[in-house]
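As the structure is a prediction and not an experimental result, all values here were calculated from the model. Residue numbers begin at 1 in each chain, while the letters A, B, ... track the order of the sequences.
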There are 2 protein chains.
Amino acid sequence: MTEEARAAVPLTERQEARRRAILRASAELAGRGGFDAVQMREVAEAADVALGTLYRYFPSKIHLLVAVMQDQLDRLHTTLRKRPPSGERASERVAETLMRAFRALQREPHLAEAMVRALTFADRGASAEVEAVSRRTTAIIVDATGLDRPTADQLCAVRVVEHTWYSVLIAWLCGRASLDQVRADIETASLLVDR
Amino acid sequence: MTEEARAAVPLTERQEARRRAILRASAELAGRGGFDAVQMREVAEAADVALGTLYRYFPSKIHLLVAVMQDQLDRLHTTLRKRPPSGERASERVAETLMRAFRALQREPHLAEAMVRALTFADRGASAEVEAVSRRTTAIIVDATGLDRPTADQLCAVRVVEHTWYSVLIAWLCGRASLDQVRADIETASLLVDR
DNA sequence: ACCAAGTCTGAAACTTGTTCCAGATTAGCG
DNA sequence: CGCTAATCTGGAACAAGTTTCAGACTTGGT
C-alpha cells in the first residue's frame with residue numbers, strides 16, 4: 001500500500017484513539033523540553049504503544065512533529081477565526097493575525113521550537129506533510145486578508161509573508177531576533193499584500 | 001577557554017591546513033550526497049584526522065556545515081562582485097543577484113541541501129555561527145541594492161528578502177517549489193527595497 | 001464460532017552523532 | 001637540547017533514531 005493510499009484508509013476507533021494519544025504525548029513532551037525532549041521511545045511509552053507501532057503511524061520523528069504542527073495549526077485557525085482582525089487595510093489585518101499567532105506560540109516556546117525545527121528539517125520524504133502545513137498556513141493568511149478571490153500577485157505576497165513568518169520565527173526561537181524585529185519583519189512583509 | 005576566545009587564537013600552519021582539509025572533505029561529501037552523506041567518521045577519514053580532532057575543530061555536524069556555508073558564501077560574494085547586477089531599480093538588482101546565486105546553487109544541489117538543512121536546523125548552540133552566515137548574506141543583498149546608507153526600512157526589507165530567500169530555497173530543495181515560484185517569490189520580496 | 005489477514009507487542013540490533021580517555025606527538029620556551 | 005603544556009590519535013563507549021521480527025492479539029467475513 002502506498003503512503004497516499006494508507007492515509008486514505010479510514011482508521012478504526014481504537015486506531016484513531018491511538019493516533020490521538022501519540023499526538024497528545026508528543027505535544028506534551030515537546031511542550032516540556034522542545035525537539036530534543038521528544039524521544040521516540042518516550043513518546044511510545046507515554047502513548048502506551050510499542051515502538052514499532054509508533055513507527056507504523058508516523059514513519060519518522062519529523063513526520064510525527066509535522067503532524068503535531070498540523071494539529072496545532074487547525075486549533076489556532078479555529079481560535080483566530082473567532083475574533084477576526086480589525087485593521088483597515090489587508091496588510092494590517094495580516095500583520096495583526098500573525099502577531100496574534102506569534103503570541104500564542106510565545107506561550108509554549110518549547111512546543112513551537114519542536115514543531116518549527118521539524119518543519120524546516122524535513123526532507124523530500126515528508127514533503128507531502130509539509131505541504132499540508134503550508135496549505136493551512138496559507139489559509140490562515142488568506143483568511144486574514146479578507147479577500148475573496150486573491151490575485152496571482154497577492155498569492156505571491158502571501159507566500160512571501162509565509163516565508164518571512166517561519167524564518168523569523170526560527171530566528172526568534174534561536175535568540176537571534178528580538179520581539180521588535182519579529183514585528184517589524186512581519187509588518188514589512190505584510191505590506192506586499194496591499195500592492 | 002570560551003568559544004569566542006578560542007576562535008580568536010591564531011592557528012599554526014598545520015592547524016590551518018587541517019581546518020581547510022576538513023572543510024574541503026565536507027564539501028566534497030556534501031556535494032556527492034547531501035546532508036546525510038556528510039558523516040562525521042567519513043569526514044574525519046577523508047580529511048585524515050582523528051574523530052576527536054574533528055570535534056575539536058567543529059563541535060558538531062551543524063557547526064561544521066555552517067562553516068562550510070560561510071566558506072561558500074565568501075566565494076559566492078567574490079564571484080558576484082565581479083559582475084555587478086545591471087537592473088535599473090534596486091529591487092531589480094537584488095532579484096537579479098539572488099537569481100544568479102540561485103543558479104550557482106543549482107549546479108550543486110546536494111551541497112546546497114546540506115548547507116541549508118544545517119543552517120535551519122541549527123539551535124542556540126550554533127547561533128553565533130548562523131549569525132555570521134546571516135551577516136554575509138545581508139552584505140550580499142545590501143551590496144546588490146547599490147545603496148550607500150540604507151534606511152531602517154530598507155534594512156527591514158533586506159531582512160524580509162533574506163527570509164524569503166532561505167525559505168524558498170528549502171522549498172525548492174524539497175521539491176515543493178518550482179523554479180518559476182522561486183523567481184516569483186524572490187522578485188516579489190525584492191519589491192520592498194524600492195519602498 | 002472460526003479462519004485468514006492484518007495489527008500490535010516486546011525486545012534486540014543497527015546506524016550515526018557525540019563523548020571520553022590513555023598514550024603518542026608536537027610546539028613553544030629556556 | 002630537554003621540559004612542559006597543548007594537541008592529536010585510535011578506539012571504545014554511549015545516546016537516540018530507525019529497523020526488524022517472532023509471536024500474541026484483533027478484526028472482518030463466513
Side-chain angles (χ1 to χ4, degrees), chain A residues 1-3 5-22 25-26 29-30 32-68 114 117-118 121-123 125-126, chain B residues 1-3 5-22 25-26 29-30 32-68 114 117-118 121-123 125-126:
Chain A
M1 199 187 292
T2 68
E3 282 296 316
R6 189 195 306 169
V9 169
L11 301 178
T12 69
E13 213 160 304
R14 297 188 60 184
Q15 287 175 323
E16 256 312 324
R18 267 196 204 100
R19 186 170 197 281
R20 275 196 306 272
I22 291 170
S26 305
L29 286 167
R32 206 187 313 281
F35 188 88
D36 292 335
V38 181
Q39 300 194 356
M40 299 304 268
R41 286 173 242 258
E42 287 199 34
V43 171
E45 186 171 12
D48 214 23
V49 130
L51 192 54
T53 306
L54 172 53
Y55 273 96
R56 169 182 284 274
Y57 281 75
F58 300 97
S60 77
K61 176 169 172 172
I62 297 296
H63 284 80
L64 172 56
L65 284 172
V66 172
V68 170
R117 295 268 299 284
F121 192 58
D123 63 356
Chain B
M1 198 188 293
T2 69
E3 281 298 316
R6 188 196 306 169
V9 168
L11 301 177
T12 68
E13 211 160 306
R14 298 188 59 185
Q15 287 175 322
E16 257 311 326
R18 269 197 203 99
R19 186 168 198 282
R20 275 195 307 273
I22 291 171
S26 304
L29 286 167
R32 208 188 309 282
F35 188 87
D36 292 336
V38 181
Q39 300 194 357
M40 299 304 268
R41 287 172 240 259
E42 287 199 33
V43 171
E45 185 172 10
D48 215 23
V49 295
L51 192 54
T53 306
L54 173 53
Y55 273 95
R56 168 182 284 273
Y57 280 75
F58 300 97
S60 76
K61 175 169 172 172
I62 297 295
H63 284 80
L64 172 56
L65 284 172
V66 172
V68 169
R117 294 267 296 285
F121 192 58
D123 64 355

A.B. asks: What's the shortest heavy-atom distance between Val68(A) and Ser26(A), and which atoms?
C.D. replies: CG2-CB, 3.8 Å
A.B. asks: Quick one, Leu54(B) and Met40(B) - any side-chain contact, counting heavy atoms below 4.5 Å?
C.D. replies: yes
A.B. asks: Output the distance between atom OG (Ser60(B)) and atom CG (Leu65(B)), rounded to the nearest 0.5 Å.
C.D. replies: 8.5 Å
A.B. asks: Between Leu54(B) (CG) and dT18(C) (C1'), how many Å, whole number?
C.D. replies: 11 Å
A.B. asks: After noting the C-alpha distance and the side-chain angles of Gln15(A) and Tyr57(A), does the key distance pass the side-chain contact (heavy atoms from CB on, under 4.5 Å) rule?
C.D. replies: CA-CA 9 Å; Gln15(A) 287 175 323; Tyr57(A) 281 75; 3.3 Å; yes
A.B. asks: Across nucleotides 24-30 of chain D, 5' to 3', mark each nucleotide with B, S or - according to how protein heavy atoms within less than 4.0 Å reach it.
C.D. replies: --SS---
A.B. asks: Do other residues, nucleotides or ligands put more than 12 heavy atoms under 6.0 Å from the CD atom of Glu16(A)?
C.D. replies: yes
A.B. asks: Distance from Arg56(B) atom CZ to Arg19(B) atom CZ, nearest 0.5 Å?
C.D. replies: 14.5 Å
A.B. asks: Would you kindly give the CZ-to-P distance between Arg56(A) and dC21(D), to the nearest whole Å?
C.D. replies: 14 Å
A.B. asks: Is there side-chain contact between Gln39(A) and Val43(A), with at least one heavy-atom pair below 4.5 Å?
C.D. replies: no
A.B. asks: From CG of Leu29(B) over to C1' of dG17(C), roughly how many Å is that when rounded to an integer?
C.D. replies: 15 Å
A.B. asks: Does Gln15(A) put a side-chain nitrogen or oxygen below 4.0 Å from OP1 or OP2 of dC8(C)?
C.D. replies: yes
A.B. asks: If I take atom NE2 from residue His63(A) and atom CZ from residue Phe58(A), how far apart are they, to the nearest 0.5 angstrom?
C.D. replies: 10.5 Å
A.B. asks: Output yes when at least one side-chain N/O atom of Tyr57(A) is less than 4.0 Å from OP1 or OP2 of dC8(C), else no.
C.D. replies: yes
A.B. asks: Which atoms form the tightest heavy-atom contact between Gly34(B) and Ala114(B), and what is the distance?
C.D. replies: C-CB, 3.8 Å
A.B. asks: Tell me: CD of Glu16(B) to P of dA27(C), nearest whole Å?
C.D. replies: 15 Å
A.B. asks: Where along nucleotides 13-19 of chain D does protein come under 4.0 Å, by heavy atom, of base (B) or sugar-phosphate alone (S), with - for untouched nucleotides?
C.D. replies: B--BBBB
A.B. asks: Nearest 0.5 Å please: distance from the NZ atom of Lys61(A) over to the CG atom of Asp36(A).
C.D. replies: 6.0 Å
A.B. asks: Run the numbers on Arg117(A) and Asp123(B) for side-chain contact (heavy atoms from CB on, under 4.5 Å), then give the verdict.
C.D. replies: CA-CA 9 Å; Arg117(A) 295 268 299 284; Asp123(B) 64 355; 3.9 Å; yes
A.B. asks: Are there any protein N/O atoms within less than 3.5 Å of an N/O atom in nucleotides 2-5 of chain C, and if so, which ones and at what distance?
C.D. replies:
none

